[in-house]
Each structure stands twice: as structure tokens, then as C-alpha cells.
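Encoded as C-alpha cells, the structure appears first; notes follow it.
Per chain, numbering begins at 1; letters A, B, ... match sequence-line order. The figures here come from the full heavy-atom set of this structure, side chains too, leaving out hydrogens, waters and symmetry mates.
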There are 2 protein chains.
Amino acid sequence: MKPSVVTIEPNGHFCDDCAVRGAAVCSSLDAAELREFEHLGRRVHFGSGETVFSEEEITTSFYNVLEGVMRLYKLLPDGRRQIVGFALPGDFLGMNLSGRHNFSADAIGAVTVCQFAKASFSRFIEDRPQLLRRINELAIRELSQARDHMVLLGRRSADEKVATFLLGWRERLVTLKGLSDTVSLPMSRQDIADYLGLTIETVSRTFTKLERQGVIEIIHGGISLLDPARVEAMAAA
Amino acid sequence: MKPSVVTIEPNGHFCDDCAVRGAAVCSSLDAAELREFEHLGRRVHFGSGETVFSEEEITTSFYNVLEGVMRLYKLLPDGRRQIVGFALPGDFLGMNLSGRHNFSADAIGAVTVCQFAKASFSRFIEDRPQLLRRINELAIRELSQARDHMVLLGRRSADEKVATFLLGWRERLVTLKGLSDTVSLPMSRQDIADYLGLTIETVSRTFTKLERQGVIEIIHGGISLLDPARVEAMAAA
DNA sequence: ACAGCCGATTGACTCAGATCAAATTTGAGT
DNA sequence: ACTCAAATTTGATCTGAGTCAATCGGCTGT
């Protein structure tokens, strides 16, 4: 979906009340740096389904997710889609070598990002190795996750994929909402399918099967883990 | 396979004649830094099939591949294997956050690496943002490749996987051997299968099919692209 | 409340790729 | 050259997940 109404807040001192101040790239900055830093970014809002950036575009900005969930994906020429990840508050997007984004990103529900112009952000990093080190850490963590996901895509069965996804997603929500057996799933079944390398029908059938086995309960906007241990057993193979 | 005979050359001034001096992480260092740097590393040889490091191990070293090919892989508890990449001369291995390697690496044929103790390497980086920037670049490039590979694993057919692999491998060999329609494949069929998320039988059948179609020729230790354009068409989907 | 729409579920059937099972080729060691 | 083991190829069959095709259910707007 194309962006329709994008709201940009006026610049100002807003890092103070930023939810991800301690989590994101910002965590590597001291108070003085943070004051300087906040003038570089501006908060931008996106509505549900709006595209924040797309694959083929020249990179002009970096993004720090503040609120909401985004799907990150690549498309094949014939329309097949692979979701390479979901971005949550605290995630940092826009790093690349080619000068182009190598995936597209759109909002799942309402999203707020902190957007930085590429040039001024790069200049800011220049003499702050601490920030560069932080960004490097984030890249290495993502690389590790990407490798785990390759194993899932290449070598796991549909049941294992779904079980692993539910546990992994629950884990990602821990820092945002605390650990809970009730897992909200803001993304569609199609999104889950495209993340796991399955079809929507297989995802749906697997959910139903798990529910009939009494392992999960499908609730509005998510699932509830009735028997986490059994889900873990399914995921482990 | 366990390491049997690992030959370690005595330390010394060897960066001068290092094949990857201009390519690897070293390319970010000036002559003076390189002189200091070479005292940190030592060349280590591994025989065919030997394990350089494994997944669960605590990381004690970083590695710069000098000669040969390595397979990088993860295993599931039941033995299923996913190869997450192949390492070639110039590749840098060992970055991680957890303090543990998150994949295993073994030699395909004879391999020489430049091995750095983690502690001294980290200290050397400390006040050399240039080197950190270089390492960050390498991480970002790998991340981009990892995402491409996710698309392949999750959304491409066996034919597309094999065709994409042949072209991608040929491309990786360009910087080492120049562009050629003759592509050497040092890894086994099983390795290729585990890289593409297929079985050895499917890889073998696909090779044979491509050969019967006159698109490739299976030669000793590799293949020859008889009709590169047609392989590209198969890969693009 | 109702109509219409979109996402999700369910069922019937198909098929790409896996599995099982031999050959066949290759290669290292004698 | 000869033997044995391992890697690869080939064939026959099976099956997990995909495809095609209806429903079903939950919102939205009237």
C-alpha cells in the first residue's frame, strides 16, 4: 500500500520521553550527545499497511522504530514474497553498502519511527566510535538471527516452523510486554506464511491442529500457549 | 571430522606476501598499522574435512581466510544440517555477541587461515575506528547475502535454487580466478544440498537435467556453463 | 440489523521433492 | 592394475505441503 497520510512532528527535544532511549542505538550515547542527536532525527508516523521504504529505493534515511511493528520483505519478480524479519521498537533500519535498501518495509498497524537523514547521521557517527560499535553489535545480532532463520527455512517441517515462530515471537515481545503465555500476533496469516516459507493454508491448518491438540488456543489477535513445554518440544525437533 | 594435524607457522613478517592483504579486513590498515597487525596473527593450516571451530565453542579467535574454501553450517539436534554459507579467501570469521560461535566451520580441501587471539585483536581495534568500520561493512554485506539466501530457501523451486547457486558461486569466484564459464565446485553434492535446503538426490537430478538440456556440462570437480543466459533465466524465475 | 468484503478456515486433490533402494562411478591405498 | 569404500547417479514410490475451491466469520459502513 502506498503512503497516504504521513504525519511528521516538528523537531524538538523529545528524546527525553522516548520509549526506546535506553534500548536502541541511542543507548550508546551520553546525555550531552543525546541532546545533539535529537536534533538530527524527527518522528514520523505511518498508518497501517503504509510502506516506509522499498527495496529498490536509494537510501536517504536511517530509521529507529519507536512504536508498532513492521514487516521487512523481499519480492521476486513474479510476486512471491519472503519476509526476512519483523521490526519492533528499538530496531534500527537502513544500514547497507550499496546505497539502496535491500528489502522493503511496511507498517503493520500504526508505526512511529525516528527518522535520520543519512548524511547528517553519517557525519554524527564519524567521530563517535561508541555509536559505530553499537551499530556493529546490532548488525551482528541480526546476522545471527538471519542464520537461525536459514536453518528454519531450509531444514524444518511446517509444524516445527510454526512452533519455532510462536516461541521466537513470544521471546521478542518479552522486552516490550514482559513474558506471557498470551502472545499477540499483529501480523496476518499471510505474513506468517511468507516469513516461514509456507502457504497461508498450511499456517492456518497447523494453528488449528495445535489448538485441537490442546497445545495452544487461538484468540482474537493472537494465540495463547496452553502447553509451552509441548510447543518447545515441537520446535526443538 | 576432528582436527588431526594442524600446522602452525612461526610468527613473522608475512603480511607482505599475503594474498588477501588488499581484500580482507587488512585493506583498512596503512603500512605502519599492518606491521603491527601482523604480529597479532599467525597462519594456521587445516586439512580437508578438519573443523576450524564449532558452534557451541567459546570464541577464542578471529579468522581471516587466506586460502581454500570452508563450509559454515548449523546442525539440528537430530543431525539435519543447514549450510549458512561458504567462506573464501578474504572472508573474516569469528564476530559474535554471545561469546560463542553461532555456527561451525570446516575445511573443504586444504585451508590456510590467519588466526588472531580474540583479546589482542579486540585491543587492536579499540582505537582504530577505520578497522571497525571495515568489519561493520563486512557484517552488513553478509547480512544482505543472508537475506537473499532466505528468499532462496523460503520461496524458490529446486531448479531455481540450483541455477541461482551456480551463478552465485561463479560470481564469488570472479575476484579469485576471474570470470569464467567453467565453475569449479570444491564442495560435495551433499554440501550443495545442505546449502540449498534440498536432498542430495534432488541436486544430482537437477544437475543431470540441466546437462541433458544442454545448459551445463558436468565436468570433473565442477561444471561448465554452456548457456549462461538460460541459467540466468532459470534463476530469475 | 443487514449487506458486502476481506481474512481465515476447511476440504478435496495434486505434485514437487523426499525417501527408499539399487546401480554406477570415482578415488585412495596396496 | 586391483580392491574396497565413499560419492554420485538413477529409478521407483511415497508424502508433506501446495493448489484449487468453497465456506465461514468478523468488521465496516449504511
(Q) Students often get this wrong, so: under 4.0 angstrom with heavy atoms, is B/Gly221 touching a base, only sugar-phosphate, or nothing? (A) nothing

Compare side-chain N and O positions of [X] against OP1 and OP2 of [N] and report whether any pair is under 4.0 Å apart.
| X | N | answer |
| --- | --- | --- |
| A/Thr202 | D/dA17 | no |
| B/Thr208 | D/dT10 | yes |
| B/Thr199 | C/dA18 | yes |
| A/His220 | D/dG25 | no |
| A/Arg189 | C/dT9 | yes |

Taking [atom1] from [X] and [atom2] from [N], how many angstroms apart are they, rounded to a whole number?
| X | N | atom1 | atom2 | result |
| --- | --- | --- | --- | --- |
| A/Gln190 | D/dG18 | CD | P | 11 Å |
| B/Glu160 | C/dG17 | CD | C1' | 14 Å |
| A/Leu185 | C/dA8 | CG | C1' | 13 Å |
| B/Ile216 | D/dT9 | CD1 | P | 10 Å |
| B/Leu196 | C/dA16 | CG | P | 18 Å |
| B/Glu201 | D/dT9 | CD | P | 11 Å |
| A/Ile200 | C/dC6 | CD1 | P | 14 Å |
| A/Arg212 | C/dT9 | CZ | P | 11 Å |

Q: Could you tell me whether the side chain of A/Arg205 has a donor or acceptor atom within less than 3.5 Å of a complementary atom in the base of D/dG16?
A: no

Anything under 30° is parallel, anything over 60° is perpendicular, the rest tilted; go ahead and classify [X] against [Y].
| X | Y | answer |
| --- | --- | --- |
| A/Phe92 | A/Phe62 | parallel |
| B/Tyr195 | B/His149 | parallel |
| A/His101 | A/Phe53 | parallel |

Q | Whichever of B/Asp159 and A/Met187 has its nearest DNA chain C nucleotide further upstream toward 5' | A | A/Met187

Q) Nearest to the side chain of A/Ser204 - C/dG17, D/dT8, C/dT9? A) C/dT9

Q) Which is it for B/Arg147 and A/Asn102 under the side chain to side chain contact (heavy atoms under 4.5 Å, CB included) test, yes or no, and what are the steps along the way? A) CA-CA 8 Å; B/Arg147 288 181 180 128; A/Asn102 45 34; 3.8 Å; yes

Q. Is the B/Phe103 to B/Tyr73 ring centre distance short of 6.0 Å?
A. no

